[in-house]
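See below for the structure under consideration.
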Amino acid sequence: MSIIYNMDCLEGSKQLLADETVDLIITDPPYNLGYGGTGQRRVKQMGFGIFANDNLTDREYRKFTINWIREAYRVLKPGRHIYVCIDWRNYPLLFWMLQHVGFTVKNCIVWDKVHMGMGWQYRYRHEFIILAMKEVHKGRFRRKAPLPRREPQKNRRIVNRSLTDVWKIPKLSGNKMIHPTEKPVELIVPMIIQSSQPGEHVVDFFVGSGPVYEAAISNGRLFTGFEISEDHYNSAIKRVKEDPYNE
Ligand SMILES: C[S@@+](CC[C@H](N)C(=O)[O-])C[C@H]1O[C@@H](n2cnc3c(N)ncnc32)[C@H](O)[C@@H]1O
């Protein structure tokens, strides 16, 4: 059964997700930019409020980030992928922390958003999506006694290995957005198809308006997500009308 929980992802994951049971993590954490969106307004003002954990001190943000990455490492099956959205400002931190926790960073996808956004020393048109793996028989927190395995452990490869790491997918226009940092579903679908099989379990720690939820469900995957804000949680659950697994 697929489900989104209106709760903190650390609390939720610790309570609800067992060790090494998740096939794929796709997540878009706060970038700590204190960004509430601009919307399509004449007067420059934020279209939304600043969301949780997007306006922390550097120290708080580092602690917040290492904690959720550790949790992601715990729940992901060995040999499986994690995709993490981030922009150029916190890319170095995320890269370092993913590696520090035990993931192997495999690539950095550049999302070309086609339309420019803010920024005045070259207008921003790209974001990054880090692809990392919890490699089999590697990692800092390897256990002494291995867990009983339900399936043979193998490092998973992406399905179509001729796809490049620059993805040109238009961002949503401001007046269509229901979340200040909403990602188009078209951006998420290739990650689902490339790194999981139908029926497998996809997790998003920072659901927002729910594009990972929609992409997972519409491609026959099971989904678990966490969203701390009640408003964004409500937008996300409205997104998917029919989930074949939720009968
Ligand atoms: C960058 S946004 C995700 C946007 C989403 N990808 C979309 O397209 O709509 C991050 C989201 O994480 C939520 N959030 C922040 N801290 C959280 C936490 N500790 N647990 C769960 N959700 C959290 C925020 O409310 C925000 O909606």
Side-chain angles (χ1 to χ4, degrees), residues 3-17 24-39 46-57 60-72 75 82-91 93-94 97 109 111 113 117-118 124 127-130 167 169-192 202-218 223-240:
I3 193 156
I4 302 175
Y5 296 94
N6 181 201
M7 66 195 293
D8 174 80
C9 60
L10 280 185
E11 239 171 75
S13 168
K14 282 178 184 156
Q15 279 175 34
L16 300 155
L17 299 176
L24 171 64
I25 299 176
I26 301 174
T27 202
D28 178 19
Y31 295 1
N32 206 27
L33 301 175
Y35 180 64
T38 48
M46 290 202 286
F48 303 86
I50 294 172
F51 52 78
N53 296 311
D54 201 42
N55 206 9
L56 303 176
T57 62
E60 287 166 341
Y61 187 67
R62 284 197 297 272
K63 191 168 170 211
F64 165 77
T65 303
I66 198 88
N67 284 343
W68 77 253
I69 293 177
R70 282 201 170 115
E71 192 52 26
V75 300
I82 178 170
Y83 290 83
V84 184
C85 301
I86 198 67
D87 88 343
W88 56 276
R89 283 159 282 206
N90 272 316
Y91 172 80
L93 179 77
L94 266 286
M97 283 192 173
I109 293 155
W111 174 30
K113 305 199 258 190
M118 294 188 313
Y124 305 149
E127 284 185 35
F128 294 134
I129 304 162
I130 302 174
W167 297 2
I169 295 166
K171 67 177 187 145
L172 292 160
S173 65
N175 56 1
K176 293 212 175 104
M177 288 169 88
I178 53 171
H179 187 287
T181 63
E182 189 174 342
K183 304 290 181 290
V185 179
E186 298 72 29
L187 179 70
I188 311 295
V189 170
M191 306 180 216
I192 302 265
V202 178
V203 165
D204 182 0
F205 279 25
F206 303 99
V207 165
S209 63
V212 181
Y213 176 45
E214 183 177 338
I217 296 305
S218 55
F223 179 82
T224 303
F226 304 99
E227 172 51 55
I228 206 167
S229 141
E230 197 177 344
D231 284 352
H232 297 319
Y233 164 80
N234 285 331
S235 312
I237 55 169
K238 277 194 210 129
R239 205 172 174 125
V240 178

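Bear in mind that the values here come from a model prediction, so they are computed numbers and not experimental data. One-based numbering, in listed order, for ligands and for the atoms of each.
Within the 6.0 Å centre-distance limit, the rings of F206 and F64 are counted as a close aromatic pair.
Checked against a 3.5 angstrom limit, the closest N/O atoms of F206 and ligand 1 fall outside it. At least one N or O atom of N53 sits closer than 3.5 Å to an N or O atom of ligand 1. Between K183 and ligand 1, an N or O atom pair is found at a separation short of 3.5 Å.
If you number the atoms of ligand 1 from 1 as listed, the ones under 4.0 Å from a heavy atom of V207 come out as 5 (C). When each atom of ligand 1 is checked for a heavy atom of P211 under 4.0 Å away, the hits are 7 (C), 8 (O), 9 (O). Within ligand 1, the atoms closer than 4.0 Å to a non-hydrogen atom of M7 are 20 (N), 21 (C), numbered from 1 in the order shown. Of all the atoms in ligand 1, the ones that sit under 4.0 Å from a non-hydrogen atom of P30 are 15 (C).
Under 4.0 angstrom from ligand 1, the non-hydrogen atoms of C9 come from both its backbone and its side chain. Residue contacts with ligand 1, taken as heavy atom pairs separated by less than 4.0 Å, do not involve V212 at all. Contacts between F51 and ligand 1 below 4.0 angstrom, taking non-hydrogen atoms only, involve the side chain exclusively. Residue contacts with ligand 1 for E227 involve both N, CA, C or O and side-chain atoms from C-beta outward (heavy atoms, distance under 4.0 Å).
At least one donor-acceptor pair closer than 3.5 Å links the side chain of N90 to the backbone N or O of Y31. Counting only distance, with no hydrogens or angles, the side chain of K183 and the backbone of T181 share a donor-acceptor pair below 3.5 Å.
Classified by interplanar angle (parallel below 30°, tilted 30° to 60°, perpendicular above 60°), the ring pair F226/F205 is perpendicular. Taking the six-membered ring where tryptophan is involved, the planes of F51 and H232 are perpendicular, since the angle between them exceeds 60° and thus also 30°.
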Verdict with reasoning, W167 to M191, per side-chain contact (heavy atoms from CB on, under 4.5 Å): CA-CA 11 Å; W167 297 2; M191 306 180 216; 3.9 Å; yes

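Classification of E127 and K171 as a salt-bridged pair fails, no side-chain N sitting under 4.0 Å from a carboxylate O.
Side-chain contact check for S173 and N175: at least one donor-acceptor pair (N or O, by modelled atom type) lies under 3.5 Å.
A distance of 4.5 Å separates CE in M97 from CD1 in I66, rounded to the nearest 0.5 Å. Rounded to the nearest 0.5 angstrom, Y83 OH and T27 OG1 are separated by 14.0 Å. To the nearest 0.5 Å, the span separating CG on L56 from NZ on K63 amounts to 11.0 Å.
Under a 4.0 Å heavy-atom criterion, P29 is in contact with ligand 1. Taking 4.0 Å as the cut-off, F205 counts as a neighbour of ligand 1 on heavy-atom distance. Within the 4.0 Å heavy-atom cutoff, I178 does not count among the residues contacting ligand 1.
Looking only at protein heavy atoms, the nearest one to atom 15 (C) of ligand 1 is A52 O, 3.2 Å. With respect to atom 4 (C) of ligand 1, the closest heavy atom belonging to the protein is D28 OD2, 3.4 Å. For atom 22 (N) of ligand 1, the nearest non-hydrogen atom of the protein is I228 N, 3.2 Å. Looking only at heavy atoms of the protein, atom 19 (N) of ligand 1 is closest to D8 OD1, 2.8 Å.
For the pairing with I82, the side chain to side chain contact (heavy atoms under 4.5 Å, CB included) check across I25, L24, I26 returns one residue only, I25.
Scanning P184, S209, G12, S229 for the heavy atom closest to atom 9 (O) of ligand 1 points to S209.
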